[in-house]
Amino acid sequence: MKKVLTTCEFCGCGCNFYLGVENNRVVAVYPCPSHPVSQGKLCIKGWRGHDYIHSPERLKTPLIRQGDKFREASWDESYKLIANKLQQIKEQHGSDSIAVFSSSKCTNEENYLLQKLARAAIGTNNIDQCARLCHSSTVIGLAQTFGSGAMTNSIPEIGNADVIFVIGSNTSEQHPLVANQIIKAVKGGAKLIIADPRQIQLTKIATIHLSHKVGTDVALINGMLNVIITEGLIDKKFISGRTEGFGALREEVAKFTPQKTSRITGVPAEQIIEAARIYATGKSSSIIYAMGITQHTTGVDNVMSCANLAMVTGNVGKESTGVNPLRGQNNVQGACDMGALPNVFPGYQAVANDELRQKFEKAWGVKLPSKPGATVTGAMNKFIDGSIKALYIMGENPMISDPDINHTEKALKKLDFLVVQDIFLTETAKLAHIVLPGVSFAEKDGTFTSTERKVQRVRKAIDPIGESRPDWKIITELSSHLGYKMAYPSPSEVMDEIAKLTPSYAGISYNRLEGGGLSWPCPSPDHPGTPYLHKEKFSRAGGQGKLFAIPYRPPVELPDANYPFTLTTGRVGFHWHTGTMTRKDWALNREIPEGFVEINPQDAAKVGIRNKATVKVSSRRGDISLQAKVVDTIQEGLVFIPFHFAEAAANKLTAANLDPVAEIPEYKVCAVKLERG
Amino acid sequence: MTENIYAPHLVTIEKIRNEAEGVKTFTLTFKDPVERESFNYRPGQFGEVTVFGAGEAPISITSSPVNKGYFELSVAGVGKVTQALHLKREGDIIGFRGPYGNGFPFDEVKSNDILFVAGGIGLAPLRSLINQMFSERNKFGKISILYGARYPALLCFRDDISRWAELKNSEVLLTVDTAPDNGWQNNIGVVGSLLPKINMNIENTTAFVCGPPIMIHFIILDLLKLGFKKDRIITTMERRMECGLGKCGHCNIGEKYVCLDGPVFSYQQLEELGENI
Amino acid sequence: MSEMKILDKTKLVEFLEKLMPDFEVTVPSYNNGNLSFSSMAHARPEIDFAGRPLVPPKEYFFPQQEEMFTFATKEGKATIKAHINKDKRVIWGIRPCDLYGIKTLDSVFLSRYVDSYYHARRENTILMGLNCNEPCEAGFCSSMGTGPFATNSNAFDLLFTNLGNQFLVEIGSKAGEELIERRANLFATASDEEKNKSNEIEKQCKQAFLYSVDQDRVKAALTKAWDDPLWAEESKNCILCGGCNFICPTCYCFNIEDIADEHEQNSTRVRYWDSCQLGGYTQMAAENTRKTQAERLRQRIYDKFSYVPARHNGAIGCTGCGRCTEVCPSEINITHILGILGRQK
């Protein structure tokens, strides 16, 4: 048996393990004790979640639509067809009539190449990926406050924090090896504050649980800041020496007395005071958040509020402190780093900046567009109005993952031309004109960047299944058919090009990664990488952190007489996103085989439903039927539905209400009604 | 080389009968004539059924060992394998290995009065025993059969039931939880409500109880109240199983494996095992 | 006591290499700082290692996943093909805890109904044990009577003890003896001095353990601990990864799945390691017979310290290797749990 060390393909923890390979099949998993995050531990997805690799349902050849069906086709025919069609659309309607969705499941090298294909070969900045749907508010919110839109500290540091504030993250289920650090810290005496409308598993070991109403995060944090400022718990030296904007912030949060905050959030005033004191008096207090913060119309505001809290108490730029967004996908950090975003080149270098653009034009030998492109969410409307005619998707499944999927379906069906590159015939691929078979993480080389900004190797363990090809290879071959030649012997050379053009990755090479991962910024080949950011100064222009005064805005769609419940969506620990991978594994499916709606016992009694009964849940956009799970761990008036299940797709209900800056949808709040199904 | 204990034997589906709503009875014969002749089992034993492509599931044998050359399984289509089995047709080949488990006591209860209490498809394993007892009718005392289902369409083995009712020194009572208006002349209520309606010499009666766990739970309470001794209440336990042979670990109740030491237990044994019943 | 030999440490690799034409020789080896069993065909044996690989050698007899059968059905006919692995293998460097684990698996898979898959792999594998000169960080094998030196001479073919510059080699079986005879020139007869040295190492190692567990007190406590709040308390952080079972040298539970090909005419029956800590382990169509994590943790501990001994003549089901603690993302610590039980009155 061959054992191949690689990086997990599920969440952003970036755990490493070995894949055991026999006869070109993955038949075993071995944990990796020497890895600082995984430490020889894995969650069930790491142990058992890889069966999809050999699923009989894997795509094995390119498929070309013929009426209602697909026929198998050769690569050559498919490339030619795609190239001709894209050229034709480009000639008739211009480069910006084509959009590209990249993938946070794919490698850095693939994301780099696909944004290069969009910008250099097609000539558009219409490139985005699902970070839009999970952490675009982080990228923007932390860039504005700190200068860098990523986790400030490394995962192992969390274990040494003496206060941990978890807000909007069900860490045990979504980032199990981060939860491990929290558990360790608490066992070592650390205090744990949880702010969450549900009693998540970590509340069992929390010092205090703030059960605030969904969408009241800004008010809650302003309230905590009010206490901290009133009681003189601020870090004056840090505020005066390292930040700007404190005056305006103080003025705004003065309005958020504990009593007023309590009225907005539903959290008792004394709990707000206690949490504020615990957080502010910790020697090293660390904030951990995930999509409970980001997926709101106030996503950017929520993120900036977290930054305010950290800066006012001097909890950033030090070990075991900081503001730590837990990125969902294995490589969503990397996909952003690689410029699979409509406004920036790799390394967050603005496309609108002439100097930076010229650097890329010189390197890529072609004129590049300067106008920022369409986002994943923004593009949907452009499909409807006809200004975008063609879409190329690599490894995303918007038919399950996007808000209001009835609208998504309408939008995708309006397209003249849709190409989907994936490993399965997903709900989205079924709508495509051409489907190209990519490969799983076990069949290619590359790198993923974990949530702690750590670039780590993904190593090929087996040969591609059937005639499928590594995604980086597909992009280079298609680009060449489009008349823009890309030739790389292997992903290692792609990383060399990335390093040349991306200052934060400048010191990274495959040779160096053999010794373990490197956390960016890693500006030179002798730089050891950066476990925590903003040590002496912030990476923001000028080096100061920026405090923002943030007024509270309620969510857009609140419950009313017709839709009296609030729906919040999320994930479970046994499944991954749109379920294309995890729903093929017996163990994961055995744990949770179908969708469900969590509902409080009081509400269940009101609606007249029992545990396990079928419930119809409807919103203004659609309805689904699924099993009721009556639990006392959720607030009255609130229901929770995981979005993994196509047959009971939560996103038929959600609304495409977007944050005005980040264009992230408010997945966490919409109004629904419940009926016996 | 020893025999591969996990290897299914090929069996032909000779006949399929719609037994009740969602329940089919399959008459099966081994393809191998030697196997067909030598196959023997005790009522209460079960086998692992393979539907090729779908998987394997434990199913209790419902025919009586008196019937030679073939055996029967009655199956509710509730899981992946049983649903696939329901799609099979007469003449199709499936896999079977068994018999497994201990089976019901038979010689041990001779000369006893016998009480059967069954719910829904829980009658399937008891039917095997009832028919075997009736084949040696004079060796047992009074045989009472209480059988219930949620509604009439879920009652299995109607032919057997009418035959049993006519045999001497036997009594059969039926009940349903709810009945539509059309023509149900029998009792209404849970199966436990039938207990007061029969005369029993409890000192000399052994009770066999089979059905959904919640039913078993309440019937056992009723029987204890009536004065049944714990070792005279016999039931079967259902647990998730993979192998049927005491290897896969799934079906343990305390230190016992349901597949090896069960599925038939007296209430006394279950109480000693501790785990929730 | 069986006959003892001496092998110069520098000759071990030669001894193993000579076996390679006839056997897949499997040895502990480091890969990126992690110790694991690997084929000597592409790994350098680690001779002076401490501790044990995180995944025990049970997988050579009971793999993480194993194809049992392939089924082909076509036009009313069905054929069944079994896949029995008979590769000849030598495993060197198996720690006493893992030798004990293999004996436990033997008592499951080779008793009453013999499991052909396990049997074939076991028959064709030579076990070369290696006693421990120092305890593992989280280990408590000395309390379980399973280590640091192998206690059961039926559990190995050859048993090595590291004396510094030499290995003391104890012969446990005819098969082991034959391998030594093949390379008799490499081995010398052990002197009393060398045997005494080995005893001294064992004594010192036993004194160095950080953890001790009172087996009898634990067993006694379990007769009264069924409804103890400790099960809920200790399992509250469990995220249901299954790791504690997967890496346990004595855990043998498996799940069987049939995987159909695209056209469903052929299918493969595969068995996989399963875990009693997963909710689905006891899930049936309509109900689950162990609903809470507290019940599942209780099952794991009772199984090791009560059920396995009851089924297998009192033999304890825990080797004291400490792996379940090491691999747990939720920091559930077996010595902590056993400590609580051991202190109960």
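A note on names: the letters A, B, ... follow the listed sequences, proteins ahead of strands, and every chain is numbered from 1. Worth knowing before you read on, the calculation uses all heavy atoms, side chains too, and leaves out hydrogens, waters and symmetry mates.
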Should Ile239(C) and Cys43(A) count as side-chain neighbours, where that means a heavy-atom distance under 4.5 Å?
yes
Bottom line for Asp261(C): the part with an atom under 4.5 Å from chain A's heavy atoms is backbone
Under a plain distance cut-off of 3.5 Å, with no hydrogens placed, do Tyr18(A) and Asn34(C) share a side-chain donor-acceptor pair?
yes
Begin with the C-alpha distance, continue with both residues' side-chain angles, and end with the deciding distance and a verdict on salt bridge (Lys or Arg N to Asp or Glu O under 4.0 Å) for Glu287(C) and Lys612(A).
CA-CA 11 Å; Glu287(C) 68 156 343; Lys612(A) 290 190 179 178; over 6 Å; no
Search all heavy atoms of Gly40(A) against all heavy atoms of Leu54(C) and return the closest pair with its distance.
O-CD2, 3.5 Å
side-chain contact (heavy atoms from CB on, under 4.5 Å) between His54(A) and Ile259(C), worked out:
CA-CA 10 Å; His54(A) 298 291; Ile259(C) 297 161; over 6 Å; no
Under a 4.0 Å threshold between the charged nitrogen and the carboxylate oxygen, would Arg48(A) count as salt-bridged to Asp274(C)?
no
Taking atom CD1 of Ile256(C) and atom CH2 of Trp586(A), what is their separation to the nearest 0.5 Å?
11.0 Å
If you take all heavy atoms of Ile44(A) and Cys241(C), which pair is closest and at what distance?
CD1-O, 3.4 Å
With a 6.0 Å cut-off (strictly less than), is the heavy-atom count around CD of Glu72(A), excluding the residue itself, greater than 12?
no
Any idea which of Leu35(C), Val270(C), Thr26(C), Asn32(C) has the most non-hydrogen atom pairs under 4.5 angstrom with chain A?
Asn32(C)
Relative to chain A, which of Gly243(C), Ala41(C), Pro53(C) shows the most heavy atom pairs under 4.5 Å?
Gly243(C)
Option that, when pairs with chain A are counted at under 4.5 Å, heavy atom only, ranks first among Gly279(C), Gly33(C), Pro329(C)
Pro329(C)
Counting only N and O atoms by type, is there a donor-acceptor contact under 3.5 Å from the side chain of Lys41(A) to the main-chain atoms of Val327(C)?
no
Please indicate whether Arg44(C) has more than 12 foreign heavy atoms, meaning atoms of other residues, nucleotides or ligands, lying under 6.0 Å from its CZ.
no
If every non-hydrogen atom of Gln201(A) is compared with every non-hydrogen atom of Cys238(C), which pair is closest and at what distance?
NE2-O, 2.7 Å
Contact part of Lys60(A) toward chain C, heavy-atom cut-off under 4.5 Å: side chain, backbone, both or neither?
side chain
Are more than 12 heavy atoms from other residues, nucleotides or ligands located less than 6.0 Å from atom NZ of Lys584(A)?
yes
Could you tell me if Tyr281(C) and Glu591(A) have a donor-acceptor pair between their side chains, going purely by distance under 3.5 Å?
no
Less than 4.5 Å apart, side chain to side chain, heavy atoms only: is that true for Ile205(A) and Asn237(C)?
yes
Which atoms of Glu57(A) approach chain C - backbone, side chain, both or neither, heavy atom under 4.5 Å:
neither
For Leu240(C), is it the side chain, the backbone, both, or neither that has a heavy atom closer than 4.5 Å to a heavy atom of chain A?
both
Can you check whether Val27(A) reaches Glu66(C) side chain to side chain, under 4.5 Å on heavy atoms?
no
Would you indicate whether the side-chain heavy atoms of Met1(A) and Ser39(C) approach each other to under 4.5 Å?
no
Would a 4.5 Å heavy-atom cut-off, applied to side chains only, mark Val29(A) and Gln64(C) as touching?
yes
Between Ser275(C), Gly280(C), Cys328(C), Ser330(C), which shows the greatest number of heavy-atom pairs under 4.5 Å with chain A?
Gly280(C)
Can you tell me which portion of Ala260(C) sits under 4.5 Å from chain A's heavy atoms? Options are side chain, backbone, both or neither.
backbone
Contact winner vs chain A - Glu257(C), Glu24(C), His42(C), Glu331(C), heavy-atom pairs under 4.5 Å
Glu331(C)
Has Lys3(A) got a side-chain atom pairing as donor or acceptor with Phe37(C)'s backbone, closer than 3.5 angstrom?
yes
Suppose a student defines contact as a heavy atom less than 4.5 Å from any heavy atom of chain C. Which residues in residues 180-187 of chain A would they list?
Asn180(A), Ile183(A), Lys184(A), Lys187(A)
Applying a strict 4.5 Å limit to non-hydrogen atoms, the region of Gln39(A) in contact with chain C is backbone
Can you tell me which portion of Asn589(A) sits under 4.5 Å from chain C's heavy atoms? Options are side chain, backbone, both or neither.
neither
Heavy atom to heavy atom, less than 4.5 Å: which residues from residues 245-254 of chain C reach chain A?
Phe246(C), Ile247(C)
Let's test your reading of the structure: which of Leu5(A), Asn16(A), Leu42(A) forms the most heavy-atom pairs below 4.5 Å with chain C?
Leu42(A)
